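In what follows, a structure is listed as structure tokens, so that the remarks can point back to it.
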Amino acid sequence: KKNKCERLKNDKNKEEMRIENNNEENPNNKKEKHIILMENQAKYDLVTDLTSTTANITLAQLLDISPKLRAQLNKLLKLKETPHNGKMEEMVLSTVSRKDIATTKCKINGEDGFAFLDTCASINIITSKILGKLKNIKPFGYTTNNIIQVTSKTHISSELYHLTVEFNDFIIQDVFRVIEHDQDLFDILIGFRTLKDNNLFINPIRNSLCKMKKD
């Protein structure tokens with residue numbers, strides 16, 4: 001019995017020694033070696049690579065395999081009517097300045113003003129604002145007209161005035177209708193008929209009013 005215990009003890013010692021020897025010979029316990037190019041480089045990580053790689057798929061392929069995304073795209077592509085907030089027309093007009101239209105300095109019955117040269121208008125117009133600055137002036141009559149514009153047609157009654165308009169040394173006299181106008185773009189509007197009768201034309205290059213020579 002004593003010999004048996006000694007044998008078991010000896011076998012246990014041999015097994016422990018064998019395990020220690022195996023640990024010493026295990027390559028996992030050896031120091032890792034890397035090439036010089038790996039200095040200061042991060043170790044490769046497969047998970048990071050997979051999560052950061054862009055899939056090689058077209059939009060058509062993606063929509064074909066994903067009904068959910070296809071339904072979302074169809075919803076986003078539907079036409080939607082923009083509600084009118086009442087400011088659209090005002091915003092457009094606010095971008096217009098005297099630099100954008102053919103205006104020229106003039107004197108209206110002796111008062112300084114700006115004339116808008118409109119070859120598309122069939123009448124002459126004076127604004128109520130500049131009319132209030134003119135002295136000793138009274139209407140000689142009244143008229144009712146349809147004022148037709150690109151997007152509107154207005155039926156108005158207005159007073160008629162005889163006005164003298166001076167462009168440097170050139171003077172014209174004609175009939176003008178008074179209107180309310182708050183855009184501050186012009187004081188008077190000279191229409192096509194008056195421009196034609198006085199041989200006047202607009203030079204768009206110099207933005208000036210010119211008189212046609214007889215020859």
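Quick caveat, the model's predicted, so the values are computed rather than measured.
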Query raised in the report: Under a 4.0 Å N-O cut-off, is there an ion pair linking Lys105 with Asp112?
Result: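 Between Asp112 and Lys105 there is no salt bridge, as every charged N stays at least 4.0 Å from the carboxylate O atoms.
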
Query - Side-chain ion pair, Asp64 and Arg70, N-O less than 4.0 Å - result: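 So Asp64 does not pair with Arg70 through a salt bridge.
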
How close do [X] and [Y] get, heavy atom to heavy atom, and via which atoms?
X	Y	result
Val178	Leu131	CG2-CD2, 3.7 Å
Thr127	Phe186	CG2-O, 3.6 Å
Phe114	Cys106	C-SG, 4.2 Å
Leu160	Arg177	CD2-CG, 3.4 Å
Ser157	Thr144	OG-OG1, 3.0 Å
Tyr161	Lys138	CE2-C, 3.5 Å

Query raised in the report: Among the clusters formed by ILVMFWY side chains lying less than 4.5 Å apart, do Ile137 and Ile126 turn up in the same one?
Result: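 Yes, Ile137 connects to Ile126 through the hydrophobic network.
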
Report task. Using the rule that two of Ile, Leu, Val, Met, Phe, Trp, Tyr join whenever any of their side-chain heavy atoms come within less than 4.5 Å, decide whether Leu185 and Phe116 are in one cluster. Result ->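 Result: yes, single cluster for both.
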
If you define the side chain from C-beta out and look only at heavy atoms, does anything of [X] sit under 4.5 Å from [Y]?
X	Y	answer
Thr103	Leu117	no
Ile65	Ile57	yes
Thr143	Ser158	yes
Ile171	Val165	no
Ile188	Asn124	no
Ile190	Asp174	no

Report task. Look at atom CG of Asp197 and say whether more than 12 heavy atoms of other residues, nucleotides or ligands are closer to it than 6.0 Å. Result ->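 Yes - once you tally the heavy atoms of other residues, nucleotides and ligands closer than 6.0 Å, there are more than 12.
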
